[in-house]
Amino acid sequence: MDLRDICLTMRQEIDELEKIVHANLSSTVPFVENVVGYVIHNGGKRLRPILTLITSKLSGYQGRASLEIGAAIEFMHTASLLHDDVIDSAPMRRGRETTNRKWGNQVSVLVGDFFYCRAMDILVRHGDTKVLRVVTDAVTILTEGEILEITKSNDFQTTQEDYLRIITGKTASLIGAACQCGAILGGVSEEFEHSLKRFGLNLGIAFQLVDDVLDYTAAVEEFGKVNGTDLREGKLTLPLILAISRSTEKDRSIIRKALITDNTSPKEFVEVLRIVEECEGIRDTIKMARGYVDRATLGLASFKPSLEKETLQRIADYVISRKM
Ligand code: FPP
Ligand code: MG
(Lines give C-alpha, C1' and ligand atoms only; values in the text may rest on other atoms or scores of the structure.)
(Ligands and ions follow the chains in the order given, each with its own letter.)
Protein backbone atom coordinates (compact mmCIF):
# COMPACT_ATOMS: atom_id res chain seq x y z
CA MET A 1 0.00 0.00 0.00
CA ASP A 2 1.15 3.52 -0.87
CA LEU A 3 1.74 6.14 1.84
CA ARG A 4 -0.92 8.39 0.34
CA ASP A 5 -3.50 5.57 0.54
CA ILE A 6 -2.77 5.31 4.26
CA CYS A 7 -3.31 9.06 4.62
CA LEU A 8 -6.52 9.28 2.58
CA THR A 9 -8.30 11.22 5.31
CA MET A 10 -5.53 13.87 5.03
CA ARG A 11 -5.97 14.40 1.31
CA GLN A 12 -6.98 18.04 1.65
CA GLU A 13 -4.03 18.85 3.93
CA ILE A 14 -1.61 17.07 1.61
CA ASP A 15 -2.96 19.18 -1.30
CA GLU A 16 -2.42 22.27 0.87
CA LEU A 17 1.09 21.10 1.60
CA GLU A 18 1.83 20.81 -2.14
CA LYS A 19 0.60 24.39 -2.63
CA ILE A 20 2.92 25.65 0.12
CA VAL A 21 5.81 23.68 -1.37
CA HIS A 22 5.26 25.42 -4.72
CA ALA A 23 4.66 28.85 -3.22
CA ASN A 24 8.09 28.71 -1.58
CA LEU A 25 10.11 27.66 -4.59
CA SER A 26 9.89 30.56 -7.00
CA SER A 27 13.11 32.04 -8.36
CA THR A 28 14.06 34.99 -10.54
CA VAL A 29 16.34 32.63 -12.47
CA PRO A 30 14.21 30.53 -14.87
CA PHE A 31 16.77 27.69 -14.94
CA VAL A 32 16.47 27.32 -11.16
CA GLU A 33 12.68 26.99 -11.44
CA ASN A 34 13.12 24.47 -14.21
CA VAL A 35 15.41 22.20 -12.16
CA VAL A 36 13.46 22.73 -8.93
CA GLY A 37 10.24 21.72 -10.75
CA TYR A 38 11.92 18.53 -11.98
CA VAL A 39 13.21 17.70 -8.51
CA ILE A 40 10.02 18.35 -6.58
CA HIS A 41 7.60 16.65 -9.03
CA ASN A 42 9.32 13.33 -8.68
CA GLY A 43 6.76 11.25 -6.86
CA GLY A 44 8.46 11.79 -3.49
CA LYS A 45 6.56 10.19 -0.63
CA ARG A 46 6.45 13.36 1.55
CA LEU A 47 6.93 11.09 4.58
CA ARG A 48 8.51 13.80 6.76
CA PRO A 49 5.92 16.58 6.29
CA ILE A 50 3.10 14.04 6.63
CA LEU A 51 4.60 13.05 9.99
CA THR A 52 4.76 16.70 11.08
CA LEU A 53 1.09 17.14 10.15
CA ILE A 54 -0.04 14.03 12.02
CA THR A 55 2.08 14.56 15.14
CA SER A 56 0.95 18.19 15.39
CA LYS A 57 -2.69 17.09 15.26
CA LEU A 58 -2.02 14.33 17.77
CA SER A 59 -0.59 17.07 20.00
CA GLY A 60 -3.76 19.16 19.69
CA TYR A 61 -2.47 21.72 17.17
CA GLN A 62 -5.02 23.04 14.67
CA GLY A 63 -3.21 25.85 12.84
CA ARG A 64 -1.45 26.03 9.48
CA ALA A 65 2.17 26.34 10.61
CA SER A 66 2.54 22.55 10.52
CA LEU A 67 2.22 22.76 6.73
CA GLU A 68 5.00 25.37 6.57
CA ILE A 69 7.33 23.53 8.95
CA GLY A 70 6.61 20.27 7.10
CA ALA A 71 7.52 21.92 3.79
CA ALA A 72 10.77 23.26 5.31
CA ILE A 73 11.71 19.78 6.54
CA GLU A 74 10.91 18.32 3.09
CA PHE A 75 13.21 20.96 1.53
CA MET A 76 16.04 20.01 3.93
CA HIS A 77 15.54 16.39 2.96
CA THR A 78 15.51 17.27 -0.76
CA ALA A 79 18.71 19.32 -0.33
CA SER A 80 20.40 16.37 1.35
CA LEU A 81 19.39 13.98 -1.46
CA LEU A 82 20.66 16.35 -4.17
CA HIS A 83 24.02 16.41 -2.40
CA ASP A 84 23.93 12.69 -1.63
CA ASP A 85 23.36 11.74 -5.27
CA VAL A 86 26.51 13.67 -6.18
CA ILE A 87 28.47 11.93 -3.42
CA ASP A 88 27.15 8.52 -4.55
CA SER A 89 27.35 9.31 -8.31
CA ALA A 90 23.78 8.01 -8.41
CA PRO A 91 22.24 7.77 -11.90
CA MET A 92 18.60 7.24 -10.90
CA ARG A 93 16.16 8.27 -8.19
CA ARG A 94 12.43 7.65 -8.05
CA GLY A 95 12.51 6.05 -11.47
CA ARG A 96 14.11 9.00 -13.24
CA GLU A 97 17.52 10.37 -14.03
CA THR A 98 19.05 12.16 -11.04
CA THR A 99 19.71 15.90 -11.26
CA ASN A 100 23.46 15.24 -11.29
CA ARG A 101 23.08 12.87 -14.24
CA LYS A 102 20.81 15.25 -16.15
CA TRP A 103 22.51 18.60 -15.46
CA GLY A 104 25.79 17.77 -13.73
CA ASN A 105 27.20 17.87 -10.20
CA GLN A 106 27.46 21.65 -9.96
CA VAL A 107 23.74 22.11 -10.65
CA SER A 108 22.79 19.35 -8.20
CA VAL A 109 24.88 20.88 -5.39
CA LEU A 110 23.69 24.43 -6.02
CA VAL A 111 20.01 23.54 -6.37
CA GLY A 112 20.47 21.58 -3.14
CA ASP A 113 21.74 24.81 -1.57
CA PHE A 114 18.69 26.62 -2.97
CA PHE A 115 16.35 24.14 -1.23
CA TYR A 116 18.37 24.54 1.96
CA CYS A 117 18.01 28.34 1.85
CA ARG A 118 14.27 28.13 1.19
CA ALA A 119 13.89 25.82 4.17
CA MET A 120 15.76 28.32 6.37
CA ASP A 121 13.63 31.13 5.00
CA ILE A 122 10.41 29.37 6.10
CA LEU A 123 11.81 28.52 9.53
CA VAL A 124 13.07 32.05 10.15
CA ARG A 125 9.71 33.52 9.08
CA HIS A 126 7.92 31.14 11.43
CA GLY A 127 10.17 32.52 14.15
CA ASP A 128 9.97 29.78 16.78
CA THR A 129 13.57 29.36 17.91
CA LYS A 130 12.85 25.94 19.42
CA VAL A 131 11.71 24.60 16.03
CA LEU A 132 14.73 26.25 14.41
CA ARG A 133 17.04 24.62 16.97
CA VAL A 134 15.48 21.15 16.53
CA VAL A 135 15.77 21.26 12.73
CA THR A 136 19.28 22.75 12.77
CA ASP A 137 20.50 20.09 15.22
CA ALA A 138 18.94 17.33 13.11
CA VAL A 139 20.59 18.60 9.91
CA THR A 140 23.94 18.82 11.71
CA ILE A 141 23.59 15.20 12.89
CA LEU A 142 22.45 14.15 9.40
CA THR A 143 25.56 15.71 7.86
CA GLU A 144 27.79 14.09 10.48
CA GLY A 145 26.13 10.72 9.74
CA GLU A 146 26.88 11.12 6.05
CA ILE A 147 30.50 12.08 6.79
CA LEU A 148 30.90 9.12 9.16
CA GLU A 149 29.62 6.89 6.36
CA ILE A 150 32.29 8.20 4.00
CA THR A 151 35.02 7.55 6.55
CA LYS A 152 33.78 3.95 6.83
CA SER A 153 33.53 3.28 3.12
CA ASN A 154 35.31 0.06 2.07
CA ASP A 155 36.15 -0.51 5.74
CA PHE A 156 35.81 -4.22 6.45
CA GLN A 157 36.00 -3.57 10.18
CA THR A 158 32.72 -1.59 10.17
CA THR A 159 30.59 -2.84 13.06
CA GLN A 160 26.81 -2.99 13.55
CA GLU A 161 27.24 -0.17 16.07
CA ASP A 162 29.04 2.01 13.48
CA TYR A 163 26.30 1.26 10.98
CA LEU A 164 23.49 2.10 13.42
CA ARG A 165 25.21 5.36 14.30
CA ILE A 166 25.46 6.24 10.60
CA ILE A 167 21.81 5.54 9.77
CA THR A 168 20.53 7.16 12.96
CA GLY A 169 22.38 10.28 11.83
CA LYS A 170 21.82 10.39 8.11
CA THR A 171 18.17 9.25 8.07
CA ALA A 172 16.52 8.95 11.47
CA SER A 173 17.55 12.35 12.85
CA LEU A 174 15.41 14.36 10.41
CA ILE A 175 12.43 11.98 10.72
CA GLY A 176 12.71 12.36 14.51
CA ALA A 177 12.80 16.14 14.11
CA ALA A 178 9.72 16.06 11.84
CA CYS A 179 7.77 14.35 14.64
CA GLN A 180 9.25 16.51 17.40
CA CYS A 181 8.27 19.70 15.55
CA GLY A 182 4.65 18.50 15.42
CA ALA A 183 4.76 18.08 19.20
CA ILE A 184 6.33 21.53 19.69
CA LEU A 185 3.55 23.13 17.65
CA GLY A 186 0.99 21.44 19.91
CA GLY A 187 2.75 22.80 23.01
CA VAL A 188 2.62 19.40 24.73
CA SER A 189 4.66 18.28 27.76
CA GLU A 190 8.35 17.46 27.39
CA GLU A 191 7.57 13.80 27.98
CA PHE A 192 4.99 13.74 25.17
CA GLU A 193 7.41 15.61 22.87
CA HIS A 194 10.19 13.14 23.69
CA SER A 195 7.90 10.16 22.91
CA LEU A 196 7.06 11.55 19.47
CA LYS A 197 10.72 12.29 18.73
CA ARG A 198 11.59 8.71 19.73
CA PHE A 199 8.80 7.40 17.53
CA GLY A 200 10.36 9.25 14.57
CA LEU A 201 13.89 8.09 15.38
CA ASN A 202 12.89 4.42 15.63
CA LEU A 203 10.78 4.70 12.48
CA GLY A 204 13.70 6.36 10.67
CA ILE A 205 16.12 3.60 11.64
CA ALA A 206 13.63 0.99 10.38
CA PHE A 207 13.15 3.01 7.18
CA GLN A 208 16.89 2.98 6.38
CA LEU A 209 17.27 -0.71 7.29
CA VAL A 210 14.55 -1.51 4.75
CA ASP A 211 16.17 0.82 2.21
CA ASP A 212 19.44 -1.08 2.62
CA VAL A 213 17.66 -4.41 2.10
CA LEU A 214 15.93 -3.05 -1.02
CA ASP A 215 19.31 -2.00 -2.41
CA TYR A 216 20.08 -5.74 -2.57
CA THR A 217 16.72 -7.24 -3.36
CA ALA A 218 14.38 -4.76 -5.07
CA ALA A 219 13.20 -4.77 -8.64
CA VAL A 220 14.55 -1.54 -10.15
CA GLU A 221 11.13 -0.65 -11.69
CA GLU A 222 9.55 -0.66 -8.23
CA PHE A 223 12.46 0.74 -6.21
CA GLY A 224 13.08 3.59 -8.66
CA LYS A 225 16.81 3.45 -7.89
CA VAL A 226 19.55 1.27 -9.34
CA ASN A 227 20.15 -1.59 -6.96
CA GLY A 228 23.60 -2.80 -6.00
CA THR A 229 24.61 0.85 -5.53
CA ASP A 230 25.73 0.36 -1.92
CA LEU A 231 28.16 -2.42 -2.84
CA ARG A 232 29.43 -0.46 -5.84
CA GLU A 233 30.00 2.62 -3.67
CA GLY A 234 31.85 0.61 -1.02
CA LYS A 235 29.06 1.06 1.56
CA LEU A 236 28.89 -1.58 4.25
CA THR A 237 25.24 -1.79 5.19
CA LEU A 238 23.80 -4.28 7.66
CA PRO A 239 23.08 -7.13 5.18
CA LEU A 240 26.75 -7.08 4.17
CA ILE A 241 28.11 -6.55 7.71
CA LEU A 242 26.20 -9.66 8.81
CA ALA A 243 27.46 -11.62 5.81
CA ILE A 244 31.08 -10.63 6.50
CA SER A 245 30.84 -11.76 10.12
CA ARG A 246 29.18 -15.08 9.22
CA SER A 247 30.74 -16.19 5.94
CA THR A 248 33.73 -18.41 5.09
CA GLU A 249 37.15 -16.90 4.33
CA LYS A 250 36.61 -17.73 0.62
CA ASP A 251 33.28 -15.87 0.51
CA ARG A 252 34.75 -12.99 2.50
CA SER A 253 37.41 -12.50 -0.15
CA ILE A 254 34.69 -12.44 -2.85
CA ILE A 255 32.89 -9.70 -0.88
CA ARG A 256 36.14 -7.78 -0.32
CA LYS A 257 36.97 -7.78 -4.01
CA ALA A 258 33.44 -6.70 -5.06
CA LEU A 259 33.45 -3.95 -2.45
CA ILE A 260 36.72 -2.32 -3.43
CA THR A 261 36.13 -2.59 -7.19
CA ASP A 262 34.65 0.64 -8.55
CA ASN A 263 32.75 -1.08 -11.32
CA THR A 264 31.31 -4.12 -9.63
CA SER A 265 29.91 -6.32 -12.42
CA PRO A 266 26.33 -7.69 -12.32
CA LYS A 267 27.86 -11.17 -11.94
CA GLU A 268 29.86 -10.08 -8.87
CA PHE A 269 26.74 -8.46 -7.40
CA VAL A 270 24.73 -11.69 -7.84
CA GLU A 271 27.55 -13.63 -6.20
CA VAL A 272 27.63 -11.27 -3.19
CA LEU A 273 23.83 -11.40 -2.96
CA ARG A 274 24.05 -15.19 -2.79
CA ILE A 275 26.48 -14.96 0.13
CA VAL A 276 24.35 -12.32 1.88
CA GLU A 277 21.26 -14.51 1.53
CA GLU A 278 23.04 -17.68 2.63
CA CYS A 279 24.24 -15.86 5.75
CA GLU A 280 20.66 -14.68 6.48
CA GLY A 281 21.80 -11.07 6.06
CA ILE A 282 18.54 -10.03 4.40
CA ARG A 283 16.29 -11.94 6.80
CA ASP A 284 18.03 -10.59 9.90
CA THR A 285 18.12 -7.00 8.64
CA ILE A 286 14.35 -7.14 8.07
CA LYS A 287 14.01 -8.68 11.53
CA MET A 288 15.93 -5.78 13.02
CA ALA A 289 13.78 -3.29 11.08
CA ARG A 290 10.67 -4.98 12.54
CA GLY A 291 12.18 -4.60 15.99
CA TYR A 292 12.57 -0.84 15.48
CA VAL A 293 9.02 -0.53 14.13
CA ASP A 294 7.79 -2.39 17.23
CA ARG A 295 9.76 -0.01 19.45
CA ALA A 296 8.24 2.94 17.58
CA THR A 297 4.67 1.73 18.01
CA LEU A 298 5.21 0.56 21.61
CA GLY A 299 6.28 4.11 22.39
CA LEU A 300 2.79 5.25 21.41
CA ALA A 301 1.12 2.88 23.88
CA SER A 302 0.38 5.55 26.46
CA PHE A 303 -1.40 7.81 23.91
CA LYS A 304 -5.15 7.56 23.94
CA PRO A 305 -6.82 6.08 20.84
CA SER A 306 -7.27 8.53 17.96
CA LEU A 307 -7.27 8.60 14.16
CA GLU A 308 -3.79 10.19 14.27
CA LYS A 309 -2.37 7.47 16.50
CA GLU A 310 -3.85 4.83 14.21
CA THR A 311 -2.34 6.54 11.14
CA LEU A 312 1.11 6.63 12.78
CA GLN A 313 0.80 2.90 13.44
CA ARG A 314 -0.16 2.25 9.82
CA ILE A 315 2.77 4.35 8.60
CA ALA A 316 5.06 2.23 10.78
CA ASP A 317 3.69 -0.94 9.11
CA TYR A 318 4.11 0.66 5.68
CA VAL A 319 7.81 1.33 6.39
CA ILE A 320 8.37 -2.44 6.67
CA SER A 321 6.27 -3.47 3.68
CA ARG A 322 7.31 -0.76 1.21
CA LYS A 323 8.93 -1.66 -2.09
CA MET A 324 10.18 1.84 -2.96
C1 FPP B 1 20.75 8.99 1.64
O2 FPP B 1 21.45 7.84 1.96
C3 FPP B 1 21.38 10.18 2.30
C4 FPP B 1 20.86 10.90 3.30
C5 FPP B 1 19.55 10.53 3.89
C6 FPP B 1 21.55 12.07 3.92
C7 FPP B 1 22.50 12.85 3.02
C8 FPP B 1 23.11 14.03 3.73
C9 FPP B 1 23.99 14.88 3.20
C10 FPP B 1 24.50 14.74 1.80
C11 FPP B 1 24.48 16.04 4.01
C12 FPP B 1 24.09 17.37 3.40
C13 FPP B 1 22.90 17.94 4.05
C14 FPP B 1 22.19 19.05 3.62
C15 FPP B 1 20.99 19.48 4.35
C16 FPP B 1 22.54 19.82 2.43
P17 FPP B 1 21.64 6.66 0.91
O18 FPP B 1 22.66 7.08 -0.09
O19 FPP B 1 21.89 5.43 1.66
O20 FPP B 1 20.19 6.55 0.27
P21 FPP B 1 19.74 6.58 -1.25
O22 FPP B 1 19.85 5.17 -1.70
O23 FPP B 1 18.33 7.07 -1.23
O24 FPP B 1 20.67 7.49 -1.99
MG1 MG C 1 22.64 7.75 -1.96
Side-chain angles (χ1 to χ4, degrees), residues 39 42-45 47-48 71-101 105 107-123 132 134-153 158 162-178 200-201 203-218 220 222-241 285 289 319 322-324:
V39 173
N42 63 357
K45 298 181 273 296
L47 171 67
R48 292 153 189 80
I73 292 173
E74 183 70 6
F75 291 174
M76 287 295 188
H77 169 61
T78 307
S80 75
L81 292 185
L82 283 162
H83 288 189
D84 179 69
D85 283 341
V86 171
I87 295 164
D88 291 346
S89 309
M92 192 200 261
R93 181 172 291 282
R94 292 167 187 151
R96 298 192 310 172
E97 264 187 308
T98 51
T99 304
N100 44 298
R101 176 55 69 91
N105 286 348
V107 170
S108 195
V109 169
L110 288 168
V111 172
D113 293 343
F114 180 83
F115 273 99
Y116 182 91
C117 295
R118 286 303 160 95
M120 289 310 289
D121 184 54
I122 295 174
L123 296 175
L132 193 56
V134 165
V135 178
T136 308
D137 284 351
V139 175
T140 305
I141 295 168
L142 171 149
T143 307
E144 288 170 341
E146 185 84 353
I147 295 169
L148 188 61
E149 182 169 74
I150 291 175
T151 67
K152 293 284 173 189
S153 93
T158 306
D162 296 327
Y163 167 78
L164 280 173
R165 204 173 145 209
I166 289 168
I167 68 170
T168 304
K170 76 172 186 176
T171 306
S173 64
L174 196 58
I175 297 180
L201 283 172
L203 187 75
I205 294 171
F207 185 92
Q208 191 60 47
L209 284 162
V210 172
D211 212 66
D212 293 340
V213 164
L214 291 174
D215 189 80
Y216 279 95
T217 61
V220 181
E222 277 186 307
F223 194 30
K225 296 188 269 194
V226 177
N227 58 4
T229 304
D230 289 342
L231 184 68
R232 216 167 299 119
E233 293 299 316
K235 270 189 211 173
L236 284 102
T237 58
L238 190 60
L240 198 66
I241 293 171
T285 303
V319 160
R322 75 195 180 93
K323 300 272 182 286
M324 57 162 287

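Since the model is a prediction, treat every value here as computed from it, not as a measurement. We use all heavy atoms of the structure for the numbers below, so side chains are in, but hydrogens, waters and symmetry mates are not. Each ligand, and each atom within it, is numbered from 1 in the order the structure gives.
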Which pairs pass side chain to side chain donor-acceptor pair (under 3.5 Å) with one or both residues in residues 163-174, sequence neighbours excluded?
Glu149-Lys170, Tyr163-Asp212, Thr171-Gln208
For atom 10 (C) of ligand 1, find the nearest protein heavy atom and state the residue, atom name and distance (0.1 Å precision).
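Going by distance alone, atom 10 (C) of ligand 1 is nearest to Ser80 O, 3.5 Å.
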Checking a contact table here: which protein heavy atom is nearest atom 23 (O) of ligand 1, and how many Å away?
Lys225 NZ, 2.7 Å
Options Met76, His77, Glu146, ranked by nearest heavy atom to atom 9 (C) of ligand 1, top entry
Glu146
Option of least heavy-atom distance to atom 19 (O) of ligand 1 (set: Lys170, Glu149, His83)
Lys170
Could you work out, with side-chain contact (heavy atoms from CB on, under 4.5 Å) as the rule, every residue matching Asp121, not counting sequence neighbours?
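Asp121: side-chain contact (heavy atoms from CB on, under 4.5 Å) contacts with Arg125.
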So, 4.0 Å and heavy atoms of [X]: is ligand 1 close enough to count as a contact?
| X | value |
| --- | --- |
| Asp211 | yes |
| Arg93 | yes |
| Lys235 | yes |
| Gln208 | yes |

Between [atom1] of [X] and [atom2] of [Y], what distance do you get to the nearest 0.5 Å?
| X | Y | atom1 | atom2 | answer |
| --- | --- | --- | --- | --- |
| Tyr116 | His83 | OH | NE2 | 10.0 Å |
| Leu142 | Asp137 | CG | CG | 12.0 Å |
| Asp230 | Asp88 | CG | CG | 7.5 Å |
| Leu203 | Leu47 | CG | CG | 6.5 Å |
| Lys152 | Ile147 | NZ | CD1 | 14.5 Å |

Side chain [X], main chain [Y], donor-acceptor under 3.5 Å:
| X | Y | result |
| --- | --- | --- |
| Arg232 | Asn227 | yes |
| Asn105 | Val86 | no |
| Thr98 | Ala90 | yes |

Ligand 1 versus [X], non-hydrogen atoms closer than 4.0 Å: side chain, backbone, both, neither?
| X | answer |
| --- | --- |
| Asp84 | both |
| Asp88 | side chain |
| Thr229 | neither |

Determine, step by step, whether Met76 and Phe115 satisfy the side-chain contact (heavy atoms from CB on, under 4.5 Å) criterion, reporting the C-alpha distance in whole Å, the side-chain angles of both residues, the deciding distance to 0.1 Å, and the verdict.
CA-CA 7 Å; Met76 287 295 188; Phe115 273 99; over 6 Å; no
Lys/Arg-Asp/Glu bridge criterion (N-O < 4.0 Å) met for Asp84, Arg93:
yes
Which of the numbered atoms in ligand 1 are below 4.0 angstrom from a heavy atom of Val139?
15 (C)
So if I count the atoms of ligand 1 from 1 in the order they appear, which ones are less than 4.0 Å from some heavy atom of Leu142?
8 (C), 11 (C), 13 (C)
Min N/O separation Asp212 to ligand 1 under 3.5 Å:
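No, Asp212 has no N/O under 3.5 Å of an N/O on ligand 1.
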For the Mg ion (ligand 2), how many protein N, O or S atoms lie at less than 2.8 Å?
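Every protein N, O or S atom under 2.8 Å from the Mg ion (ligand 2) counted, the figure is 2.
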Which residues share a salt bridge (Lys or Arg N to Asp or Glu O under 4.0 Å) with Asp215, sequence neighbours left out:
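Expected list: none.
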